Amino acid sequence: MTARYNHVFFDLDHTIWDFETNSWETLEEVWQKFDLFKIAKIPLEDFRNRYREENHKLWVRYNKGEIGKKEIRNTRFKTVLEIFDANRFLDHYLLEEYYLDTCPLKTSLVEGSIEVLDYLIDKGYELHVLSNGFEETTERKLNNSGIKGYFKNTLTSEQLGVTKPQESFFTQAMDISGSTRDEVIMVGDNLSTDIMGAKNAGIDQIYFNPYKAEHQEEPTYEIHQLMEIRNIL
């Protein structure tokens, strides 16, 4: 084990749990179940793309502390249906309820996740999830995808009362995990919430950048595949 680190903080969505694949599949099921093409002539790809755009906008605001869980869940499908003038035919709450019930059941993981988690456990690291997701949903994702047992703690913004990238999120996580800044490294895909948040809290970071997005930041480490973590830890 690299002597410097004893604890690894992991983001969940887009880092370990394959949000894009799991959400994409769920949205197709929503589209089919509620007959969105038949009722409102909404093409599947248009529906999914619009949802992704609106959901992303809301999560950016949530991560900044501008809105809460309720606003996200009350707004995203409502806005999408309004865009397609389909709110006359469907209750957006029904779509939201089905999506929330179905998506956390999905089990696709980012390539290399299990191999890296096994490697880190074998090396003796303590692993923890740090997520801006909601507590119940996060637990369901971990349990259904079979990775709950890898993590000593699952810490969410809902539980801690503050979101990444705020420093108090990371200080609370260190207090709960019994770790110090020098012992911890953060792994995440979001340059703002995961990487800069950890950096501002004095924690080293591994920026998971699978699409090789250009940026001006200087994370401690940057990887394009999860398996590259084995070259660092």
Side-chain angles (χ1 to χ4, degrees), residues 7-24 51-69 71-72 76 103-104 106 108-113 116-117 120 127-135 137-138 141-142 145 147 151 153-174 177 181 184-229 232-233:
H7 299 261
V8 184
F9 289 168
F10 272 99
D11 176 52
L12 184 60
D13 288 355
H14 306 281
T15 300
I16 298 174
W17 195 78
D18 189 346
F19 178 87
E20 289 298 327
T21 296
N22 294 324
S23 180
W24 218 238
Y51 174 87
R52 180 166 59 180
E53 291 171 9
E54 297 305 320
N55 188 54
H56 176 71
K57 291 176 188 175
L58 290 166
W59 275 98
V60 168
R61 295 184 64 197
Y62 177 82
N63 292 338
K64 292 178 179 179
E66 296 176 355
I67 60 173
K69 170 182 177 179
E71 285 81 4
I72 292 178
R76 51 190 178 185
C103 197
K106 301 296 183 180
S108 292
L109 300 174
V110 173
E111 183 179 359
S113 294
V116 165
L117 294 175
L120 293 173
L127 311 182
H128 316 269
V129 167
L130 272 62
S131 174
N132 272 357
F134 305 127
E135 188 167 2
T137 302
T138 299
K141 289 175 179 177
L142 291 168
S145 59
I147 59 174
F151 300 101
N153 293 292
T154 302
L155 306 174
T156 67
S157 56
E158 187 174 31
Q159 174 188 352
L160 299 182
V162 64
T163 58
K164 295 179 291 182
Q166 295 183 62
E167 183 176 353
S168 59
F169 187 107
F170 295 94
T171 55
Q172 286 188 71
M174 286 185 283
S177 63
R181 287 174 172 81
V184 174
I185 193 163
M186 175 76 205
V187 183
D189 73 293
N190 190 302
L191 199 55
S192 173
T193 58
D194 299 322
I195 304 309
M196 299 312 298
K199 186 174 185 177
N200 291 335
I203 296 171
D204 285 355
Q205 329 90 45
I206 299 176
Y207 175 37
F208 175 47
N209 184 12
Y211 303 110
K212 301 182 180 180
E214 294 184 4
H215 61 90
Q216 303 301 316
E217 305 298 344
E218 296 183 0
T220 313
Y221 303 97
E222 180 169 337
I223 61 175
H224 305 303
Q225 298 179 354
L226 283 183
M227 296 292 281
E228 295 175 52
I229 288 175
I232 300 169
L233 300 175

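Both backbone and side-chain heavy atoms feed into the values below; hydrogens, waters and symmetry mates do not. Quick caveat: nothing in here was measured; it's all calculated off a predicted structure.
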Enclosure of Lys64 NZ (heavy-atom neighbours >12, cutoff 6.0 Å): no

Gln225, CD atom: more than 12 neighbouring heavy atoms under 6.0 Å: no

Side chains of Arg181 and Thr171 in contact at under 4.5 Å (non-hydrogen atoms): yes

Non-hydrogen atoms of Ile16 and Ser113 that approach each other most closely: O-OG, 3.3 Å

Donor-acceptor contact present, side-chain Asn132 to main-chain Lys164, <3.5 Å: yes

Flag, side chain of His224 to backbone of Asn209, donor-acceptor distance under 3.5 Å: yes

Inter-residue atom distance Cys103.SG - Asn22.CG, 0.5 Å rounding: 6.0 Å

Distance, nearest 0.5 Å, that separates CD of Gln159 from CZ of Phe134: 14.0 Å

Minimum-distance pair of heavy atoms, taken over all atoms of Phe169 and Leu155: CZ-O, 4.0 Å

Validation row: Thr193, Asp11 side chains within 4.5 angstrom (heavy atoms): no

Nearest-0.5 Å distance, CD of residue Glu66 to OG1 of residue Thr163: 10.0 Å

Over all atoms of both residues, closest heavy-atom pair of His215 and Glu222: NE2-OE1, 2.8 Å

For Thr15, the option from Asp194, Asp189, Asn190 that meets side chain to side chain donor-acceptor pair (under 3.5 Å): Asp189

Phe208 and Phe10 aromatic centres sub-6.0 Å: no

Lys141 side chain reached by Asp13 side chain, heavy atoms, under 4.5 Å: yes

Glu111 atom CD, neighbour heavy-atom count above 12 within 6.0 Å: no

Ion pair Asp18/Lys106, N-O distance below 4.0 Å: no

Closest non-hydrogen atom pair between Ile195 and Gln205, with its separation: O-CG, 3.5 Å

Heavy-atom closest pair, residues Gly133 and Thr138: C-OG1, 3.8 Å

Separation of Glu228 CD from Tyr221 OH (nearest 0.5 Å): 13.5 Å

NE2/His56: more than 12 non-hydrogen atoms of other groups inside 6.0 Å: no

Side chain to side chain contact (heavy atoms under 4.5 Å, CB included) between Ile67 and Leu58, worked out: CA-CA 8 Å; Ile67 60 173; Leu58 290 166; 3.8 Å; yes

Glu158 backbone acceptor or donor facing Glu135 side chain under 3.5 Å: no

Trp17/Val110 under side chain to side chain contact (heavy atoms under 4.5 Å, CB included): CA gap, chis, key distance, verdict: CA-CA 6 Å; Trp17 195 78; Val110 173; over 6 Å; no

Close side-chain approach of Glu20 to Arg52, heavy-atom, < 4.5 Å: yes

Approximate separation, where rounding is to 0.5 Å, of Asn63 CG and Ser157 OG: 7.5 Å

Non-hydrogen side-chain atoms of Met227 and Val116 separated by less than 4.5 Å: yes

Parallel, tilted or perpendicular, as decided by the 30° and 60° cut-offs, for the rings of Phe9 and His128: perpendicular

Taking every non-hydrogen atom, the tightest pair across Phe170 and Ala198: CZ-N, 3.5 Å

Stepwise salt bridge (Lys or Arg N to Asp or Glu O under 4.0 Å) test for Lys199 and Glu218: CA-CA 10 Å; Lys199 186 174 185 177; Glu218 296 183 0; 5.3 Å; no

Rounded distance (nearest 0.5 Å) linking atom CG of Leu12 with atom CG of Leu142: 5.0 Å

Side chains of Ser23 and Tyr51, donor plus acceptor under 3.5 Å: no

